[in-house]
Amino acid sequence: MLIPRSSSCCARALRLSTHHHAIAMAVPSLLSSFSHLFPRGHGFKPFPQFLSSSCSASPFSSLSSVPSPMPNRRSKTPVAAALLEIGGVKIAKDDVVRESDPTNNVPDNIFSKIGLQLHRRDNHPVGILKNAIFDYFDTNYASKFVKFDDLCPIVSVQQNFDEVLVPADHVSRSYNDTYYVNADTVLRCHTSAHQAELLREGHSHFLVTGDVYRRDSIDSTHYPVFHQMEGVRVFSPDEWKDSGTDATSYAAMDLKKCLEGLARHLFGAVEMRWVDTYFPFTNPSFELEIYFQENWMEVLGCGVTEQDILTRNGRKDSVAWAFGLGLERLAMVLFDIPDIRLFWSTDQRFTSQFSEGKLGVKFKPFSKFPPCYKDISFWISDSFTENNLCEVVRGVAGDLVEEWNVREAVQGKLYVTLR
């Protein structure tokens, strides 16, 4: 989550891993696009003395001779398809990207990811991991868990927040954190957005996998589109009445047994520990950590489903557990993939390294381009927000952007380094 800042004098740095020509092309467009973020009187003003380079053979020495396009809040990223169909729902670009709607903040480059569904590709690390998790549940809970992996990512605010008890003032509801199609519709932030609907349909054991969308910072482990899996199991009173424990304790014990088995299935005989935590939709809530590669690593979050969710959806006398995990987070560890952007690569040098059913094949790096640094700086105002700037950077430079680091700020100037 983005922590609100108390001062407008915040500074970040951009690192772009690419060759010199790509940097030369990206920087002028970034400079032009930054300007529309700041109100008149606090306008963007680059300082040429900071346009230095730590690389030799720089393609340009200043920006004064490089023409820049007029800024536009929309990305210039090519859109993969103007009409999509996901889970039987037809989606047109104009349904998601609406320049004339002030409540819409979905850029073209985000729309271009809708429908790609990396989790449904059997030869992709995300799809390989999803199938490995499916195998675990099929082996240990034969024919019990129904699997959903093609549900439409466009959901209502009610589905995404209200039905899973996200408080009205929670930061995740803000336009700074969530992609809004309009005031009442969003791109889902989590696969939990489908939980209430599936409970109402009568499902008692289900796994939901899908792409989720969040406006986020720029670094090697964060991306505005990633993939989650949600699991839910509902128990009837007959299942715990003879256990000698109350319903909540029974569900919690079953949950931990299930997920410890899943961790061993994916990572082998690892040391584990449970950490108490808080989620709006479960109580009690836990995080499972494993000791892997000499570090404690969070694997997933889970808990006993809040009774209010069950009651609202026709399961008043039941108890349930739920878990959620990020597929990229685990796949980066299992496949030794160092940067989350690589999951979206279509380069055959990446895609050819992975095969269906082969979990944990170690990624072999294939790019040897040296980093190239470019420094720029500009004024910022009280209206500056980090995620808005990250959206502009991604819209112009695409997946060249590697990381967004804190740098010094002096008297309201923002210093940015492009790598």
Tested for side chain to side chain contact (heavy atoms under 4.5 Å, CB included) against Leu359, the lone hit among Leu334, Asn131, Asp135, Ile133 is Leu334
Side chains of Gln228 and Val208 in contact at under 4.5 Å (non-hydrogen atoms): no
Heavy atoms of Val232 and Ala322 approach each other most closely as CG2-CB, 4.0 Å
Taking C-beta and beyond as the side chain, do Arg121 and Val126 meet within less than 4.5 Å on heavy atoms?
no
Before giving the answer on side chain to side chain contact (heavy atoms under 4.5 Å, CB included), spell out for Val212 and Thr191 the whole-Å C-alpha distance, their side-chain angles and the decisive distance to 0.1 Å.
CA-CA 7 Å; Val212 298; Thr191 47; 4.1 Å; yes
* Can you check side chain to side chain contact (heavy atoms under 4.5 Å, CB included) on Leu207 and Val146, steps first, answer last? -> CA-CA 6 Å; Leu207 300 171; Val146 181; over 6 Å; no
Rounding to 0.5 Å, atoms NE2 (His124) and CZ (Phe335) come to a distance of 9.5 Å
Separation between CZ (Arg233) and OG (Ser318), nearest 0.5 Å, reads 12.5 Å
The ring-ring contact (aromatic ring centres under 6.0 Å, His included) partners of His190 (sequence neighbours excluded) come to none
Heavy-atom closest pair (Thr185 atom, Val155 atom, distance to 0.1 Å) is CG2-O, 3.3 Å
Here the side chain to side chain donor-acceptor pair (under 3.5 Å) pairs for residues 299-311, sequence neighbours left out, are Asp308-Arg312
Point to revise | Contact check, side chains of Phe366 and Asp347, non-hydrogen atoms, under 4.5 Å | key: yes
* To do: Any chance you could lay out the salt bridge (Lys or Arg N to Asp or Glu O under 4.0 Å) test for Arg341 and Asp339, step after step, and finish with the verdict?
  => CA-CA 5 Å; Arg341 296 171 301 163; Asp339 194 306; 2.9 Å; yes
What one should report as the nearest heavy-atom pair of Cys189 and Phe161 is SG-CZ, 4.3 Å
In this structure, are over 12 heavy atoms from other groups packed under 6.0 Å from Lys362 atom NZ? yes
Value for CZ (Arg188) from CG (Asn160), rounded to nearest 0.5 Å, stands at 9.5 Å
Rounding to 0.5 Å, atoms NZ (Lys147) and OG1 (Thr209) come to a distance of 9.5 Å
Open item on the list: So does Asn176 get a backbone contact from the side chain of Asn105, meaning a donor-acceptor N/O pair under 3.5 Å?
Closed with: no
Shortest non-hydrogen pair, Ser220 vs Pro338, comes out as CB-O, 3.8 Å
Residue pairs meeting salt bridge (charged side-chain N to carboxylate O under 4.0 Å, His left out), one or both in residues 313-336, sequence neighbours left out, come to none
query = Tell me, do Gln195 and Leu199 make a side-chain contact under 4.5 Å, heavy atoms counted?
reply = yes
Hits for side-chain contact (heavy atoms from CB on, under 4.5 Å) against Lys257, two or more places apart or cross-chain, chain-then-number order -> none
- prompt: Given Trp274 and Leu259, is the side chain to side chain contact (heavy atoms under 4.5 Å, CB included) satisfied, shown in steps?
  reply: CA-CA 11 Å; Trp274 290 95; Leu259 297 181; 4.0 Å; yes
- Query: Hey, are the side chains of Tyr180 and Val157 touching, using non-hydrogen atoms and a 4.5 Å cut-off?
  - Reply: yes
Please step through salt bridge (Lys or Arg N to Asp or Glu O under 4.0 Å) for the pair Asp149 and Lys130, ending with a clear verdict. CA-CA 10 Å; Asp149 67 355; Lys130 180 204 76 171; 2.9 Å; yes
* Do the side chain of Tyr136 and the main chain of Leu266 share a donor and acceptor less than 3.5 angstrom apart? -> no
Sorted by chain and number, sequence neighbours left out, side-chain contact (heavy atoms from CB on, under 4.5 Å) with Asp150 holds for Ile86, Gln117, Arg120
Heavy-atom nearest pair, Ser345 first then Thr351, reads O-CG2, 3.7 Å
Applying ring-ring contact (aromatic ring centres under 6.0 Å, His included) to His203 and not counting sequence neighbours gives Phe148
| said: Is it the case that the side chain of Asp177 and the backbone of Ser174 share a donor-acceptor pair, with hydrogens and angles ignored and the cut-off at 3.5 Å? | reply: no
Residue set satisfying salt bridge (Lys or Arg N to Asp or Glu O under 4.0 Å) with Asp238, at least two apart, ordered chain then number -> Lys241
Fill in: Flag side-chain contact, heavy atom, 4.5 Å: Phe226 against Asp211
no
Taken to the nearest 0.5 Å, the spacing of Cys302 SG from Phe286 CZ works out to 6.5 Å
Output for pair (Ser192 OG, Glu163 CD), nearest 0.5 Å, gives 11.5 Å
CA sep, side-chain torsions, deciding dist, call: Val181, Asp95, side chain to side chain contact (heavy atoms under 4.5 Å, CB included) | CA-CA 8 Å; Val181 176; Asp95 294 333; over 6 Å; no
Looking only at heavy atoms, the pair that brings Trp321 and Ala251 closest together is CD1-O, 3.4 Å
ring-ring contact (aromatic ring centres under 6.0 Å, His included) filter on Phe350, not counting sequence neighbours, yields Phe354, Phe363
Salt bridge (Lys or Arg N to Asp or Glu O under 4.0 Å) filter on Arg264, not counting sequence neighbours, yields none
Side chain to side chain donor-acceptor pair (under 3.5 Å) pairs touching residues 286-295, sequence neighbours excluded, are Arg273-Glu289
Taken in chain and number order and not counting sequence neighbours, the residues that satisfy side-chain contact (heavy atoms from CB on, under 4.5 Å) with Thr221 are Asp219, Met332
For Thr103, the side-chain contact (heavy atoms from CB on, under 4.5 Å) test, sequence neighbours excluded, returns Asp101, Tyr175, Asn182, Ala183
Checking Lys93, Lys113, Arg98 against Asp108 for salt bridge (charged side-chain N to carboxylate O under 4.0 Å, His left out), the one that qualifies is Lys93
*asked:* Contact between Trp344 and Tyr223 at the side-chain level, heavy atoms closer than 4.5 Å - yes or no?
replied: yes
Is there a side-chain contact between Ser249 and Trp240 in this structure, where contact means two heavy atoms from C-beta onward sitting under 4.5 Å apart? no
